[in-house]
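First the structure, in the form of structure tokens, and then the observations on it.
By convention in this document, chain letters (A, B, ...) are assigned in the order of the sequence lines, proteins followed by strands, and residues within each chain are numbered from 1.
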Amino acid sequence: MEQILTLAGNNLISPIILSFALGVAASLARSDLSVPEAAAKALSIYLLFAIGFKGGVSVSSHGIDAKLGLTLLAGIILSAALPLIAFALLQVMTKLSRLDAAAVAAHYGSISIVTFVAATSVLESSDISSEGYMVAVAAAMEAPAILSALWLISRGGDGRRMDGDLMREIMLNGSIVLLVGAFFIGWATGEEGLAEISSFVVAPFKGVLCLFLLDMGLVAGRGLRGGSGVLRPGVLAFGITMPVIGSICGLGAGLLLGLSTGGVVLMMVLSASASYIAVPAAMRVALPEANPSIYLTLSLGVTFPFNLTLGIPLYVALATALTGV
Amino acid sequence: MEQILTLAGNNLISPIILSFALGVAASLARSDLSVPEAAAKALSIYLLFAIGFKGGVSVSSHGIDAKLGLTLLAGIILSAALPLIAFALLQVMTKLSRLDAAAVAAHYGSISIVTFVAATSVLESSDISSEGYMVAVAAAMEAPAILSALWLISRGGDGRRMDGDLMREIMLNGSIVLLVGAFFIGWATGEEGLAEISSFVVAPFKGVLCLFLLDMGLVAGRGLRGGSGVLRPGVLAFGITMPVIGSICGLGAGLLLGLSTGGVVLMMVLSASASYIAVPAAMRVALPEANPSIYLTLSLGVTFPFNLTLGIPLYVALATALTGV
Amino acid sequence: MEQILTLAGNNLISPIILSFALGVAASLARSDLSVPEAAAKALSIYLLFAIGFKGGVSVSSHGIDAKLGLTLLAGIILSAALPLIAFALLQVMTKLSRLDAAAVAAHYGSISIVTFVAATSVLESSDISSEGYMVAVAAAMEAPAILSALWLISRGGDGRRMDGDLMREIMLNGSIVLLVGAFFIGWATGEEGLAEISSFVVAPFKGVLCLFLLDMGLVAGRGLRGGSGVLRPGVLAFGITMPVIGSICGLGAGLLLGLSTGGVVLMMVLSASASYIAVPAAMRVALPEANPSIYLTLSLGVTFPFNLTLGIPLYVALATALTGV
Amino acid sequence: MQTHRAKRVEITIEAIMQSRLTEAVQKAGITGFTVLPVLGGSGRSGEWTRAGEIGRASGMVQMICIIRSEKLDDLLDAAFSVVERHIGVVSIVDCEVLRAERF
Amino acid sequence: MQTHRAKRVEITIEAIMQSRLTEAVQKAGITGFTVLPVLGGSGRSGEWTRAGEIGRASGMVQMICIIRSEKLDDLLDAAFSVVERHIGVVSIVDCEVLRAERF
Amino acid sequence: MQTHRAKRVEITIEAIMQSRLTEAVQKAGITGFTVLPVLGGSGRSGEWTRAGEIGRASGMVQMICIIRSEKLDDLLDAAFSVVERHIGVVSIVDCEVLRAERF
Ligand SMILES: Nc1ncnc2c1ncn2[C@@H]1O[C@H](COP(=O)(O)O)[C@@H](O)[C@H]1O
Ligand SMILES: Nc1ncnc2c1ncn2[C@@H]1O[C@H](COP(=O)(O)O)[C@@H](O)[C@H]1O
Ligand SMILES: Nc1ncnc2c1ncn2[C@@H]1O[C@H](COP(=O)(O)O)[C@@H](O)[C@H]1O
Ligand code: NA
Ligand code: NA
Ligand code: NA
């Protein structure tokens with residue numbers, strides 16, 4: 001317990017978390033501080049490229065693990081199954097309509113790549129290594145949750161179905177393509193490739209992450225200001241309960257698969273985190289009647305900060321204890 | 001004298017100054033070279049974050065100085081008083097209307113953070129250290145000048161007053177919030193935090209400053225081209241006299257406070273520099289009838305380049321001579 | 001031969017080339033991956049500034065070569081002459097109208113600065129040094145080709161002529177001004193200036209180039225998708241034949257001038273590459289009736305990838321063999 | 001100067017729906033349009049701004065389509081089929097154009 | 001397709017005044033509008049462009065507001081109270097809209 | 001509120017021609033206009049988007065010019081002289097403006 005608190009404490013006063021907090025505070029105080037959309041997108045392109053590339057390099061140097069296939073499969077199953085749990089939980093804990101509940105559920109099956117990135121950066125600081133292919137698992141977990149949520153809705157008698165266009169859009173979503181593409185580039189070019197561009201993808205990484213989290217804080221704060229009306233106690237409680245439940249599922253999967261401590265942490269983080277890019281976009285197309293301020297505020301304003309501040313240290317502590325390292 | 005010339009010479013052929021000159025030249029030659037607005041804003045966010053953060057780290061490692069409070073107070077007084085001097089000077093030297101004179105005066109009480117940044121980078125090259133909290137002083141000096149200028153106008157019988165909204169906008173101006181926020185982040189995370197992100201906030205700093213000054217040169221050149229009509233000799237002379245007067249006030253304050261050589265230089269630079277972000281925006285809201293091309297051209301086209309090229313070496317020489325280092 | 005293949009192989013699996021390939025693939029697969037315009041422009045500003053600056057520093061440390069003047073002259077002559085060859089070739093190989101042929105020809109006389117940058121980065125990896133002033137030669141070769149192409153058209157009886165405005169626009173084109181300006185800044189500040197900003201202009205260079213090529217791949221792929229209709233076999237064949245012919249002209253010039261191996265390679269690359277920024281813009285003004293999808297698709301979709309993947313290793317091999325190093 | 005009567009249709013729609021609108025409009029035989037970026041706005045679903053956003057879930061674009069009057073109904077049908085279940089605004093204005101042969 | 005008469009009001013105003021205009025307009029009971037970015041322009045106070053600017057002192061935005069005719073006067077009064085002492089342009093066009101219930 | 005009749009002219013033109021259009025329009029005695037960025041579009045020369053572009057060869061801007069009716073012909077002549085050989089669209093709408101003295 002003490003260890004968790006220390007880790008959480010250290011985590012809380014890292015520049016990364018404080019940058020996020022600064023963004024939230026500035027936004028709630030109605031400061032006009034803002035990051036231009038193009039700059040925010042450029043930062044996210046950098047982060048996706050760097051994290052994918054480094055994952056690929058790590059796979060190229062440690063060789064492919066027999067567990068890769070199984071871990072990918074576990075990720076896909078988790079992504080597809082977690083929305084069902086989330087949906088059930090939402091129907092118990094909140095008064096959201098089936099439509100809104102399904103839309104929210106989809107977010108919790110899918111993943112937040114920034115939470116993943118923040119976790120890798122905590123792992124690095126704590127010298128805990130992890131499987132490079134967890135990046136690929138992250139990519140694999142983006143989409144299945146969307147299908148589950150749409151299935152939940154169609155079961156409810158609503159004839160709405162996934163069309164081919166949407167399917168393609170989801171699978172070829174810019175962030176998935178960049179993450180997976182950079183992963184393969186890193187894999188193909190290996191340590192040699194890394195040496196060429198490490199002063200770009202490694203050295204400034206954490207600093208860039210600070211600015212990106214500043215922006216996420218600004219956007220989250222704006223969302224909280226505008227969307228606080230939808231944050232009934234039940235909904236709010238869900239936003240904190242669900243990541244914990246997700247992380248436990250991820251923990252189980254990680255232990256079963258026999259992943260490294262870092263790998264287990266990342267599996268927990270992926271399961272615990274909620275999408276705020278791919279899934280919201282898909283929901284606007286497939287379920288336009290669902291209220292975006294509910295799922296955006298929950299995902300970016302509640303679950304993301306929870307994972308960033310308390311969740312990650314908790315997951316690290318649990319995984320460390322249970323993998324016995 | 002020779003020392004000043006050498007320093008000025010060295011200063012003039014630094015990549016930073018030459019980048020600014022390139023921007024001005026390209027703009028005057030009507031080249032279509034331009035930096036996208038979003039990129040320019042991203043550069044300024046980087047610079048504010050880095051300079052604030054480094055200031056905070058420096059305070060965290062050198063401990064808080066008993067002089068911090070007094071220096072902040074001195075900054076606020078200077079910011080509030082300099083517009084009165086500037087206003088009097090403008091009425092003597094130029095034929096500007098009371099309104100235009102007050103608007104210009106506000107700019108000279110407030111500060112230019114890029115001039116501050118450029119000065120810290122000259123100090124670093126010359127191995128002159130300074131108080132980390134000068135960043136906080138910079139932030140504190142942004143706003144009081146605006147109040148002074150509005151008071152000058154209201155004294156003239158014009159019933160215009162500061163409204164609460166404007167007050168909040170000025171105090172929670174994005175650049176102040178970011179500077180102060182990053183300062184606290186640096187303070188809280190200290191050397192450890194710096195170690196994590198120094199390859200982002202320290203290593204590439206000067207290079208980023210070059211590109212930013214290239215952009216400032218482009219904007220200043222455009223302003224000079226469009227606003228050269230307003231630059232009557234008296235106005236022009238003011239743009240060079242006022243920073244010298246300001247710097248002397250800053251020098252006095254710095255010596256009285258017993259700041260380090262670098263601290264005195266920065267106090268001079270803050271007093272000598274003129275705002276071109278926070279104050280112009282406030283003037284457009286509070287004094288929309290004042291002519292923006294006068295204050296923008298003066299601040300960015302005359303005083304900024306003067307400080308950048310001749311002012312800073314002069315202030316360094318004076319401070320070095322008088323603090324006897 | 002084997003050496004070429006090895007070099008080509010190494011070249012092909014570099015992060016730079018693979019990033020371009022990723023962009024093309026994402027675009028052809030209709031992924032929504034995209035780099036914001038402002039970010040792409042910022043990347044190009046960085047690359048132009050860095051490459052110009054480093055060229056200038058190199059000239060400042062190796063001194064001016066007696067060959068500088070002659071090399072510049074050779075560059076200008078090549079730029080002016082290559083469109084005539086290209087035009088003749090187009091009339092033999094394709095059925096393009098005179099207007100379209102002239103517009104395409106202009107592109108092949110001018111140069112692609114990214115191809116140049118990619119080549120310098122291959123040279124660096126292979127430890128082959130080159131004359132720093134080749135950057136100035138690159139700048140000098142941008143414009144003459146445009147004049148040649150307009151002369152070709154006016155010879156055809158069409159009274160269209162270059163106006164002064166267009167002339168100024170071409171010569172003071174943002175990318176030329178930045179490249180030449182940064183070259184002079186590098187020259188003036190020398191190794192000392194480089195030391196100040198090398199962690200900005202040197203260290204992250206290749207990584208930035210990767211992201212830039214990702215974007216160029218996205219744009220090229222989009223062009224191929226939209227413009228594939230215009231890529232008749234003859235036109236396509238021209239897009240691969242012409243760079244080879246150009247490179248041979250560059251090779252002859254480089255050998256005659258007695259340039260270093262690296263210098264010969266860069267001369268070949270400049271001659272072989274086709275413009276996709278300065279010339280297309282000039283063509284839209286001067287020859288608006290020419291079909292942009294022909295010249296843009298050829299230049300960016302065919303010749304650029306050819307040079308990037310096969311051309312550069314080929315030119316390096318030829319130059320190495322013939323300069324006997 | 002000779003001008004010709006036409007309709008200017010302005011469709012403000014979610015960015016994520018842009019490709020679907022484009023396709024529908026093109027299927028209706030209309031090939032000319034211009035898309036403007038939108039910075040922010042307000043409506044029944046609240047206020048929003050694009051500042052700092054990286055996703056495409058929020059954010060709108062504005063498509064402007066200038067057409068001959070006789071094509072108006074086709075365009076509106078196409079647009080409506082896309083915006084029907086979505087937020088968004090369609091407005092039509094009478095206008096005059098130069099170079100009518102282009103429309 | 002069934003359309004309904006409405007007014008399209010376009011207000012070009014300094015970026016720095018946007019929040020004040022928004023507030024005034026909302027106080028006048030109007031909740032729907034769209035804000036477009038502006039690249040540059042020219043007027044009695046000269047020519048300007050946003051390229052490379054970091055401040056918000058220069059630079060304008062364009063607010064487009066589609067409303068029922070009966071609300072026009074309220075909107076214009078609200079807008080006028082904000083632009084009165086400021087630079088900026090207000091223009092009104094008659095338009096037709098789909099889905100009138102939204103306005 | 002008192003409004004005055006005017007014309008709203010919207011010219012969609014290649015970004016590279018913007019300075020030439022501006023000059024021509026100013027020579028025709030018109031000093032007020034606003035330029036909007038354009039994200040993308042489609043026309044007889046195909047579909048395009050500005051995403052990721054660094055050149056100015058592709059890409060358009062939209063100039064909006066509000067003028068008194070009597071200046072319309074001068075403006076159209078000026079605009080036409082520039083767009084004549086180029087792609088681009090010119091449309092004119094009747095509008096009402098506040099503060100007529102500004103136009
Ligand atoms: N009356 C209106 N005039 C202009 N734009 C509007 C109007 N109503 C809605 N919009 C735009 O459409 C978006 C969605 O509107 P709504 O569906 O009402 O939430 C808003 O955010 C605005 O950008
Ligand atoms: N007649 C006009 N048509 C369109 N936009 C205008 C017009 N006049 C002014 N503007 C816009 O309003 C800004 C300020 O105009 P002004 O107050 O005349 O300097 C200009 O920079 C333009 O963006
Ligand atoms: N009917 C139209 N309505 C609106 N914009 C158009 C129209 N036709 C063309 N455009 C715009 O003008 C550009 C060039 O058109 P075009 O000359 O037909 O290729 C297009 O890419 C659009 O941005
Ligand atoms: Na999850
Ligand atoms: Na000052
Ligand atoms: Na060439």
Side-chain angles (χ1 to χ4, degrees), chain C residues 23 27 32-45 47-48 103 107 113-114 160 163 165-166 168-169 173-175 211-212 214-223 225-227 229-230 275-289 291-293 295-296 299-300, chain F residues 10-31 33-63 75-91:
Chain C
S27 199
D32 69 350
L33 179 60
S34 74
V35 176
E37 178 188 359
K41 282 192 180 163
L43 293 176
S44 82
I45 287 172
L47 292 175
L48 288 166
H107 290 70
I113 198 74
V114 190
R160 203 154 305 155
D163 64 3
D165 270 8
L166 178 57
R168 209 205 59 236
E169 259 176 51
N173 180 306
S175 56
L211 286 195
F212 187 70
L214 174 71
D215 177 55
M216 302 233 0
L218 289 167
V219 174
R222 210 192 294 146
R225 233 172 55 207
V230 303
S275 172
Y276 60 84
I277 300 183
V279 180
M283 291 301 114
R284 287 312 298 151
V285 175
L287 304 179
E289 298 88 351
N291 182 350
S293 60
Y295 50 72
L296 282 174
S299 163
L300 192 55
Chain F
E10 182 180 289
I11 307 173
T12 306
I13 192 173
E14 292 172 89
I16 194 84
M17 299 302 292
Q18 183 187 334
S19 58
R20 286 173 176 79
L21 177 62
T22 302
E23 241 173 64
V25 157
Q26 286 173 335
K27 254 190 216 145
I30 288 147
T31 54
F33 55 81
T34 294
V35 181
L36 305 183
V38 172
L39 259 192
S42 169
R44 295 169 313 157
S45 42
E47 223 173 320
W48 61 274
T49 153
R50 281 227 55 83
E53 293 284 349
I54 48 169
R56 299 203 308 144
S58 46
M60 309 195 82
V61 294
Q62 200 170 78
M63 177 189 275
L75 173 58
L76 293 185
D77 287 339
F80 191 72
S81 73
V82 174
V83 298
E84 196 185 352
R85 289 171 54 218
H86 288 265
I87 62 176
V89 173
V90 181
S91 73

Check: Which bit of F/Ser19 is near chain C, if near means a heavy-atom gap under 4.5 Å: side chain, backbone, both or neither?
Finding: side chain
Next item on the list: Examine whether an atom of C/Tyr295 lies under 4.5 Å from a heavy atom of chain F, and if so say whether it belongs to the side chain, the backbone or both; otherwise answer neither.
Entry: neither
Notebook entry, point to check: Considering only heavy atoms, which portion of F/Glu53 lies under 4.5 Å from any heavy atom of chain C: side chain, backbone, both, or neither?
Noted result: both
Next item on the list: Only one of C/Ile277, C/Ile45, C/Leu43, C/Val219 passes side chain to side chain contact (heavy atoms under 4.5 Å, CB included) with F/Ile54; say which it is.
Entry: C/Ile277
Item checked: Pair C/Met283-F/Ile16, side-chain contact (heavy atoms from CB on, under 4.5 Å): steps then yes or no -> CA-CA 10 Å; C/Met283 291 301 114; F/Ile16 194 84; over 6 Å; no
Checklist line | Nearest heavy-atom neighbours spanning C/Val285 and F/Met17 | finding: CG2-SD, 4.2 Å
Note to self: At a heavy-atom distance under 4.5 Å, which candidate from C/Asp215, C/Leu218, C/Leu296 has the highest pair count against chain F?
What the structure shows: C/Asp215
Note to self: Return the CD to OG1 distance between C/Glu37 and F/Thr49, rounded to the nearest 0.5 Å.
What the structure shows: 8.5 Å
Next item on the list: In plain terms, say whether C/Arg225 and F/Glu47 are close enough for a salt bridge, that is, a side-chain N and a carboxylate O under 4.0 Å apart.
Entry: no
Check: In terms of heavy-atom proximity below 4.5 Å to chain F, should C/Asp165 be classed as side chain, backbone, both, or neither?
Finding: both
Check: With only heavy atoms counted, which part of C/Pro36 is less than 4.5 Å from chain F, the side chain, the backbone, both or neither?
Finding: backbone
